[in-house]
Amino acid sequence: MPAVETVRGPVEVGELGRTFMHEHVFVLGTENVQNYGAGDWWDEDEKVADAVAKLRELADRGIRTIADPTVWGLGRYIPRIQRINEQVPDLNIIAATGIYTYNDVPFQFHHRGPGTMLDVGPDPMIADFVRDLTEGIGGTGVKAAFLKCAVDAPGLTPGVERVLRAVAGAHRETGAPLTVHTESSIHAGRTVVDLLGKEGVDLTKVVIGHAGDSNDLDYLAELADSGAILGMDRFGLDIINPTENRVATIAALCERGYADRIVLSHDASCFIDWFGPDPATVPAMQPNWHYRHITDDVLPALRAAGVGDARIDQMLVANPRRYFTR
């Protein structure tokens with residue numbers, strides 16, 4: 001049986017079990033932590049212990065795998081994730097490679113690559129992504145198993161387009177699947193499907209991240225009809241789309257026959273520094289935005305809406321397994 005790389009090494013795809021396809025362990029600004037965190041709001045041992053406790057709760061609920069799309073721009077630091085995963089042996093964590101930006105490329109690529117003063121050969125981003133996928137990340141030996149990029153409200157800026165094309169290049173070279181953060185209010189999924197399709201990407205290996213922020217069934221069906229997978233992956237972010245609406249949309253899509261193109265998740269984290277250093281801020285702001293919401297609240301609501309266990313297993317087990325099968 002094919003295997004997928006995880007933080008602890010390769011795992012047969014048939015052993016992934018119930019999988020949340022878009023969960024971060026940490027979302028951090030590395031320079032923020034290094035310059036302003038130590039001795040104030042960032043205690044490494046404390047944050048690691050907190051993450052271990054939260055991920056154990058997830059494993060205790062029968063979730064066996066999370067795909068963590070934390071890449072450059074979101075504070076990926078694999079040694080910390082390795083340390084945590086060692087203490088949660090019942091949970092697989094799948095790492096990603098790519099760049100998360102809504103606008104420009106990082107300055108490390110600003111002057112080299114297509115259209116720059118050092119426009120020589122393929123985009124150097126591609127080689128970095130491929131190395132993460134085939135050799136490992138930062139000397140850790142941990143290999144990424146999927147690619148991540150983003151198209152948000154600014155749309156297809158030159159920097160965002162360049163990252164998408166580089167991600168597509170790495171996909172063509174390795175066959176690794178992709179997930180793309182999208183802004184549903186501007187129907188960014190259409191842009192993603194169009195560009196990646198023209199770049200020769202296998203759209204059945206693309207998750208349109210945050211598709212579940214939309215309740216526009218025609219838009220969602222259009223994306224699914226392209227072969228792409230709908231990331232219904234922000235459960236708990238009720239400020240964007242309440243849980244009851246997200247549930248109703250999934251139930252309607254399942255009735256239309258799209259259960260084989262839906263994956264579930266929260267886009268949650270053990271700690272995110274986007275809302276300041278106080279760890280109580282996020283629970284106070286969005287009390288359902290945590291790893292337990294789907295198992296405790298969403299799955300019962302889906303069943304009550306007529307989504308049976310076979311479809312739930314399709315979304316949580318079969319679809320992730322197919323996505324990670326090369």
Side-chain angles (χ1 to χ4, degrees), residues 5-7 21-37 42 66-82 84 93-116 118 122-152 154 156-171 173-174 176-183 188 192 195-196 199 201 206-207 209-210 231 267 269-274:
E5 294 291 341
T6 76
V7 168
M21 285 286 284
H22 195 121
E23 305 290 359
H24 302 275
V25 180
F26 291 110
V27 177
L28 299 167
T30 303
E31 289 184 307
N32 186 26
V33 172
Q34 289 177 344
N35 288 282
Y36 301 108
W42 182 264
I66 61 170
D68 182 348
T70 306
V71 294
W72 186 336
L74 292 169
R76 183 185 70 180
Y77 183 58
I78 294 300
R80 183 182 295 125
I81 305 305
Q82 288 178 294
I84 291 165
I93 302 175
I94 301 176
T97 186
I99 290 176
Y100 185 85
T101 179
Y102 295 172
N103 293 286
D104 206 351
V105 297
F107 278 108
Q108 289 77 13
F109 297 105
H110 199 77
H111 301 296
R112 59 192 181 106
T116 73
L118 295 175
D123 195 314
M125 281 188 276
I126 297 175
D128 285 351
F129 301 160
V130 170
R131 182 169 62 249
D132 283 353
L133 291 160
T134 60
E135 299 178 23
I137 300 167
T140 63
V142 173
K143 295 178 183 179
F146 67 114
L147 293 140
K148 165 74 177 292
C149 54
V151 182
D152 205 86
L156 197 64
T157 67
V160 165
E161 180 175 354
R162 185 178 161 194
V163 175
L164 257 70
R165 293 189 187 279
V167 163
H171 164 82
E173 189 166 335
T174 65
L178 295 73
T179 188
V180 185
H181 163 110
T182 64
E183 172 54 50
V192 170
L195 188 149
L196 293 182
E199 284 286 312
V201 171
V206 176
V207 170
H210 316 325
D267 191 21
S269 58
C270 298
F271 180 77
I272 177 172
D273 66 356
W274 289 11

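What you are looking at is a predicted structure, and each value in this text was computed from that prediction instead of being measured.
Taking CD1 from I94 and CE from M21, the interatomic distance works out to 7.5 Å, rounded to the nearest 0.5 Å. Atom CG of L196 sits about 8.5 Å away from atom NE2 of H171, to the nearest 0.5 Å. Here CG of D273 is found 9.0 Å from OG1 of T30. Values are rounded to the nearest 0.5 Å. Note: F271 CZ to W42 CH2 = 7.0 Å, rounded to the nearest 0.5 Å. Rounding to the nearest 0.5 angstrom, the gap separating the NE2 atom in H24 from the CD1 atom in I93 is 13.0 Å. If you take CZ on F129 and SG on C149, they are separated by 8.0 Å, rounding to the nearest 0.5 Å.
Defined by atom type and a distance below 3.5 Å, a donor-acceptor pair is present between the side-chain atoms of D68 and T70.
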Steps toward side chain to side chain contact (heavy atoms under 4.5 Å, CB included) verdict (I84, V25): CA-CA 9 Å; I84 291 165; V25 180; 3.9 Å; yes
Yes or no on side chain to side chain contact (heavy atoms under 4.5 Å, CB included) for Y77 and I137, after CA distance, side-chain angles and deciding distance? CA-CA 9 Å; Y77 183 58; I137 300 167; over 6 Å; no
Please step through side chain to side chain contact (heavy atoms under 4.5 Å, CB included) for the pair V71 and F146, ending with a clear verdict. CA-CA 10 Å; V71 294; F146 67 114; over 6 Å; no
Step-by-step side chain to side chain contact (heavy atoms under 4.5 Å, CB included) determination, K148 to T97: CA-CA 6 Å; K148 165 74 177 292; T97 186; over 6 Å; no
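Residues T182 and V192 meet the side-chain proximity criterion, which asks for heavy atoms closer than 4.5 Å. Taking 4.5 Å as the limit, every side-chain heavy atom of M125 sits out of range of all side-chain heavy atoms of V130. Considering only heavy atoms from C-beta on, V105 stays 4.5 Å or farther from I99 through its side chain. Counting heavy atoms from C-beta outward, T157 and V151 have side chains that stay 4.5 Å or more apart.
Minimum heavy-atom separation, T140 to I78: OG1-CG2, 3.7 Å. Looking at every heavy atom in both residues, I126 comes nearest to A166 through CG1-O, 3.5 Å. In terms of heavy atoms, V142 sits closest to A95 at CG1-CB, 4.5 Å. For the pair P69 and A96, the tightest heavy-atom approach, listed with the atom from each and the gap, is CA-CB, 3.8 Å. Pairing each heavy atom of A145 with each of P177, the nearest pair is O-CD, 3.4 Å.
Each of L133, L164, V201, T179 was scored for a side-chain contact (heavy atoms from CB on, under 4.5 Å) with L147, with one residue passing: L133.
Note on ring orientation: taking the six-membered ring where Trp is involved, the planes of Y100 and H181 are perpendicular (angle over 60°, cut-offs 30° and 60°). By the 30° and 60° cut-offs, the orientation of the rings of H110 relative to F107 is tilted.
No donor-acceptor pair closer than 3.5 Å links the side chain of D152 to the backbone N or O of P154.
Ionic pairing of R165 and E199 is present here: one or more N-O contacts between side-chain nitrogen and carboxylate oxygen are shorter than 4.0 angstrom.
A cation-pi geometry, defined here as NZ or CZ lying under 6.0 Å from the six-membered ring centre and within 45° of its normal, does not hold between R162 and F109.
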